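Read through the structure below, which is laid out as structure tokens, and then see the notes.
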Amino acid sequence: MNLYFRLFTFLNGVKMQVFLKVLLGLLIVGTYVGQAFAIAAVMKALYAGANIHMLAPLISIIIALIIIRGFLFRGDEVYGKKIACLVKNRLRERLLMKLMDLGPGYQENYRSGNLQSVLIDGVESLEPFLTGYIPQLLVSIIGSGAVVFYIWRIDPVIGMITAGGLFIAVASPQLGSNIFKRIILEYWQSYAKLNAQYIDAVQGMTTLKIFQSSKNKGQELETEARDVYSRSMKSLGVSLLDSAIVKWGAAAGAAFAAGVGALRVTTGQLPAAELFVILFLTVECFRPLNDLNRLWHSSFLGFAAARGIFQLFDEPLIVKERDTYLEEKMDQGLPDLEFQKVTFAYAGGKREAIKNVSFKINPGEKIAFVGKSGSGKSTLVQLILRFFDPQSGHIMMNGLDVQNYSLEALRKQIAVVFQDTYLFYGSVADNLRIAKPEAADKELEKAAKLAGAHEFILELPEGYHTVVGERGIRLSGGQRQRLAIARAFLKDAPLLILDEATSNVDARSEEKIQNALEKLMKNKTTIVIAHRLSTIQNADRIFVMDDQVIKEEGTHRELLARKGFYAKLIEAQQ
Ligand SMILES: Nc1ncnc2c1ncn2[C@@H]1O[C@H](COP(=O)(O)OP(=O)(O)OP(=O)(O)O)[C@@H](O)[C@H]1O
């Protein structure tokens with residue numbers, strides 16, 4: 001569907017409100033037209049020799065119309081803002097839902113600054129089009145159309161001239177609209193790029209300071225900002241030219257109509273009194289159009305941003321859900337997990353992240369994956385969680401391909417403790433309840449105690465109510481890790497994945513965390529990914545990955561005895 005018409009679909013659900021806004025707009029036009037009639041009547045009366053007393057009622061009408069219009073303007077503005085908020089909130093909600101459906105796999109390849117430009121500024125810039133231009137379009141068609149029709153009824157020739165002026169005013173800007181669209185699109189792209197650069201710079205501020213690179217980054221940003229400035233001036237120039245053409249068309253139309261009207265009065269084809277009506281009405285006829293043109297120009301940024309919004313909506317899901325599931329297989333106690341000849345390459349990757357990987361984990365087993373950096377260990381986790389689906393092979397859980405389970409049911413079975421723990425802005429309790437929203441305070445405490453987090457939480461200024469996350473209290477790597485373990489205790493999922501869960505912490509914290517993890521692993525099927533090999537020596541089996549494939553498999557002792565990759569890794573760590 002054409003971008004312009006597709007934008008109309010964003011108003012689904014608020015059509016009634018838009019209709020009411022159109023009515024308000026028409027009432028405003030009505031007050032202008034009423035005022036024009038009243039002024040024309042005053043002129044007619046003066047022309048006929050009326051005195052000030054006779055004009056008093058007409059002047060009162062004009063004053064009343066001006067006052068009413070003031071109220072209508074205010075109502076129109078407030079109501080317009082209300083609709084805009086409704087539309088923008090709904091749109092942002094839909095975009096967020098789409099992002100959630102796309103999952104972390106999509107966001108990995110998308111700059112957060114670009115995403116912010118779409119979600120915040122992009123949606124914001126649609127306001128003039130959706131809640132300004134669209135209602136005004138209807139107001140202009142109905143309002144200007146009715147006035148032209150009225151003038152045509154008085155004098156068909158002047159009616160045709162007015163209609164001609166309207167046509168020029170509407171059609172002429174369309175001639176250059178493609179150029180203008182291109183210029184504004186380039187402006188939007190440079191703006192989104194600058195936004196992304198700024199966010200990058202703020203997020204990486206520590207690194208920039210450490211490497212004394214802030215000046216270079218500043219210069220980079222300055223160049224980008226200049227680019228945005230010059231593009232914005234370019235689009236302003238074209239926009240002003242375009243508005244000038246419309247205004248010229250409107251003024252020329254009104255002037256030409258007045259000139260022809262005057263001529264027709266002199267030849268007796270039009271009564272002089274009617275000329276006053278025509279003079280004032282032609283001006284009112286073009287007023288809605290000027291407003292429309294102003295809104296059309298404010299909308300252009302929205303058109304450019306809309307491309308990014310639709311691109312996000314049209315993005316195919318990385319992981320597709322089936323229509324029917326076989327979920328009964330999920331509730332069979334501790335799960336088993338099997339990779340059958342699984343090969344996977346990331347969309348942006350030059351080569352496969354894992355190649356033809358096969359292994360089976362029995363219920364309740366504790367399995368470890370070790371190997372060089374980049375050998376594909378974390379990719380296994382991403383695939384188990386179905387952030388991505390493999391290009392070939394099958395990942396089986398309880399004897400069925402995981403694609404037979406809904407994402408919700410599958411992820412319910414899995415608890416993960418990652419190397420980095422994300423804490424949301426909110427209290428410690430809120431952050432723990434991410435894992436189990438209905439958990440009572442006692443449950444939170446129990447999980448925190450098991451995770452070895454209770455003591456340090458109590459030492460925080462407001463205990464479990466202390467605000468953490470962005471702009472909250474900063475927690476150490478080890479403390480964050482223990483909160484992640486507490487979350488895993490709360491979730492109590494039968495399949496536990498520990499992805500480098502202790503690699504961010506010092507030796508003292510590691511011991512505490514290791515103790516907490518030992519408790520967590522009890523009675524679970526567990527997958528551990530570790531760099532520090534000391535932590536996985538008592539695993540039931542260890543898989544050694546190298547060059548995207550599994551190279552060795554066995555217990556710690558067996559692998560040491562084999563004197564292969566594993567033995568070399570151990571040697572390197574000693
Ligand atoms: N989002 C991505 N897009 C493209 N390539 C990726 C992506 N994530 C990982 N890779 C690539 O896939 C390969 C496997 O990465 P993976 O993170 O699974 O390795 P790893 O063994 O867990 O490494 P590490 O121990 O350093 O965490 C690497 O070559 C990596 O560069």
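Because only heavy atoms are used, hydrogens play no part in the values below, and waters and symmetry mates are left out as well, while side chains stay in. In each ligand, atom 1 is the first atom listed, and ligand 1 is the first ligand listed. On a predicted model such as this, the values are computed, not experimentally measured, just so you know. All residue numbers refer to positions in the sequence shown, counting from 1.
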Item checked: Cation-pi geometry met for Arg231 and Tyr191 (6.0 Å, 45°) -> no
Note to self: Is it the case that over 12 heavy atoms from other parts of the model lie below 6.0 angstrom from the NZ atom of Lys372?
What the structure shows: no
Note to self: Heavy atom to atom 4 (C) of ligand 1, shortest distance: which of Phe369, Tyr346, Phe344 holds it?
What the structure shows: Tyr346
Would you mind writing out the side-chain donor-acceptor pairs for residues 549-565 within the sub-3.5 Å range, not counting sequence neighbours?
{"from": "Glu552", "atom 1": "OE1", "to": "Tyr566", "atom 2": "N", "distance (Å)": "3.1"}
{"from": "Glu552", "atom 1": "OE2", "to": "Phe565", "atom 2": "N", "distance (Å)": "2.8"}
{"from": "Glu553", "atom 1": "OE2", "to": "Arg541", "atom 2": "NH1", "distance (Å)": "2.9"}
{"from": "Thr555", "atom 1": "OG1", "to": "Glu558", "atom 2": "N", "distance (Å)": "3.2"}
{"from": "His556", "atom 1": "ND1", "to": "Tyr566", "atom 2": "OH", "distance (Å)": "2.7"}
{"from": "Glu558", "atom 1": "OE1", "to": "Thr555", "atom 2": "N", "distance (Å)": "2.9"}
{"from": "Arg562", "atom 1": "NH2", "to": "Glu553", "atom 2": "O", "distance (Å)": "3.4"}

Margin query: If the cut-off is 4.0 Å to any non-hydrogen atom of Thr379, which atoms of ligand 1 fall inside it?
Written below: 14 (C), 15 (O), 16 (P), 18 (O)
Item checked: Pair Phe10 + Phe8: ring centers closer than 6.0 Å -> no
Notebook entry, point to check: What are the atoms of ligand 1, with element, lying closer than 4.0 Å to any heavy atom of Lys372?
Noted result: 21 (O)
Note to self: Ring-plane angle category for Phe303 and Phe129, please: parallel below 30°, perpendicular beyond 60°, tilted otherwise.
What the structure shows: perpendicular
Notebook entry, point to check: At a 4.0 Å cut-off, with the gap strictly under it, does some heavy atom of Gly374 reach an atom of ligand 1?
Noted result: yes
Note to self: Minimum heavy-atom separation for Arg433 and Ala440, please, with both atom names.
What the structure shows: NH2-C, 3.9 Å
Margin query: Suppose I only count heavy atoms of His531 and a 4.0 Å limit; which atoms of ligand 1 are within that range?
Written below: 25 (O)
Next item on the list: List every atom of ligand 1 that sits less than 4.0 Å from any heavy atom of Glu500, numbering the atoms from 1 in the order shown and giving each element.
Entry: 25 (O)
Note to self: Quick check on contacts: which atoms of ligand 1 are under 4.0 angstrom from a heavy atom of Ser378?
What the structure shows: 17 (O), 18 (O), 20 (P), 22 (O), 27 (O)
